[in-house]
Student: 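My structure is below; once you've seen it, I'll send some questions.
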Amino acid sequence: MQSDDLLEYAKRARDRAYAPYSGFTVGAAVDVGEGVVVIGCNVENASYGLSICAERVALCSAIAQGHARIFAIAIAGPESAQTAPCGACRQFIAEFDRRMPVTFTTAAGPVKTTLEELLPRSFGASDLSSVRPLPTK
Ligand code: THU
């Protein structure tokens with residue numbers, strides 16, 4: 001799927017955002033292949049720290065719906081803002097593909113990049129492989 005098309009899904013998902021505290025509404029869309037797209041939006045909480053970003057909602061939804069692979073993600077925030085994924089979301093995206101194509105909105109238009117550019121030398125499953133887990137009691 002073209003990144004522009006995926007971004008349109010993210011913009012529609014943004015309308016579902018629950019952001020009564022920040023007013024910063026975000027939608028995300030992930031391409032799971034075969035023309036299928038799974039969306040997410042940010043969901044805030046009165047206990048602010050519990051709020052969850054649109055990207056992680058979309059990725060968790062895709063996994064919960066049984067999609068094994070995620071090919072790309074698009075993120076749409078307020079038209080006046082840059083909505084590059086936050087640090088936590090970058091790490092979350094890396095779990096699925098350390099080079100995933102990422103498109104996000106800015107006031108000057110969409111930016112097309114990759115997770116590798118946003119989070120160079122990311123930490124991932126392969127980095128765990130040299131260490132054996134501690135024995136359990
Ligand atoms: N937010 C996202 O959903 N994704 C981003 O990439 C940046 C920030 C949300 C979190 C919070 O609900 C609001 O935007 C303001 O930080």
Side-chain angles (χ1 to χ4, degrees):
M1 174 172 301
Q2 297 292 314
S3 60
D4 289 346
D5 294 333
L6 195 60
L7 193 60
E8 287 308 310
Y9 282 95
K11 287 180 180 174
R12 267 180 264 157
R14 186 178 56 194
D15 295 337
R16 305 244 175 100
Y18 177 75
Y21 305 106
S22 71
F24 196 97
T25 55
V26 185
V30 293
D31 176 358
V32 295
E34 296 180 352
V36 178
V37 173
V38 178
I39 59 162
C41 60
N42 56 331
V43 181
E44 296 185 347
N45 192 278
S47 178
Y48 297 167
L50 295 181
S51 300
I52 181 163
C53 294
E55 296 89 321
R56 279 175 281 157
V57 171
L59 290 164
C60 288
S61 257
I63 296 302
Q65 288 173 29
H67 300 290
R69 285 205 59 191
I70 290 150
F71 295 95
I73 186 165
I75 305 131
E79 297 296 342
S80 58
Q82 168 176 286
T83 310
C86 79
C89 287
R90 291 177 196 204
Q91 178 63 28
F92 212 86
I93 294 165
E95 180 68 22
F96 302 104
D97 183 349
R98 286 157 93 164
R99 296 175 181 183
M100 192 180 300
V102 178
T103 303
F104 60 84
T105 54
T106 78
V111 169
K112 295 176 194 178
T113 182
T114 62
L115 199 272
E116 198 170 32
E117 188 174 77
L118 295 170
L119 189 65
R121 301 194 66 158
S122 63
F123 182 79
S126 58
D127 301 308
L128 293 171
S129 60
S130 65
V131 176
R132 255 181 280 149
L134 291 172
T136 49
K137 283 187 186 170

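We count ligands from 1, going down the list as the structure has it; atoms in each ligand are counted the same way.
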Student: Do any nitrogen or oxygen atoms of Asn42 lie less than 3.5 angstrom from nitrogen or oxygen atoms of ligand 1?
Tutor: yes

Student: Measure from atom 16 (O) of ligand 1 to the protein's non-hydrogen atoms and state whether any distance is below 4.0 Å.
Tutor: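 Flag for atom 16 (O) of ligand 1 set to false, no protein heavy atom closer than 4.0 Å.
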
Student: What do the steps show when you test Arg69 against Asp31 for salt bridge (charged side-chain N to carboxylate O under 4.0 Å, His left out), and what is the final call?
Tutor: CA-CA 9 Å; Arg69 285 205 59 191; Asp31 176 358; over 6 Å; no

Student: Compare every heavy atom of Ile75 with every heavy atom of Thr83, then report the nearest pair and how far apart it is.
Tutor: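 So the two residues come closest at O-CG2, 3.7 Å.
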
Student: Do Thr114 and Arg99 have side chains that approach each other closer than 4.5 Å (heavy atoms only, starting at C-beta)?
Tutor: no

Student: Between the candidates Gly23, Cys53, Pro85, Pro78, which shows the shortest non-hydrogen contact distance to atom 1 (N) of ligand 1?
Tutor: Cys53

Student: Nearest heavy atom to atom 6 (O) of ligand 1 wins, so pick from Arg14, Glu55, Gln82.
Tutor: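 Answer by nearest heavy atom: Glu55.
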
Student: With heavy atoms only and a cut-off of under 4.0 Å, state how Ala84 meets ligand 1: side chain, backbone, both or neither.
Tutor: backbone

Student: Under 6.0 Å from the CD atom of Gln65, do we count more than 12 heavy atoms belonging to anything else shown?
Tutor: yes

Student: With a 3.5 Å cut-off and no angle check, do the side chains of Ser122 and Gln91 form a donor-acceptor pair?
Tutor: no

Student: If you round to the nearest 0.5 Å, how far is OH of Tyr21 from CG of Asn45?
Tutor: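 Asn45 CG to Tyr21 OH: 6.5 Å, rounded to 0.5 Å.
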
Student: Among all the protein's non-hydrogen atoms, which is closest to atom 12 (O) of ligand 1, and how far away is it?
Tutor: Glu44 OE2, 2.6 Å

Student: Can you find a non-hydrogen atom of Ser22 under 4.0 Å from ligand 1?
Tutor: yes

Student: Can you report which non-hydrogen protein atom sits closest to atom 3 (O) of ligand 1, along with the distance?
Tutor: Ala54 N, 2.9 Å

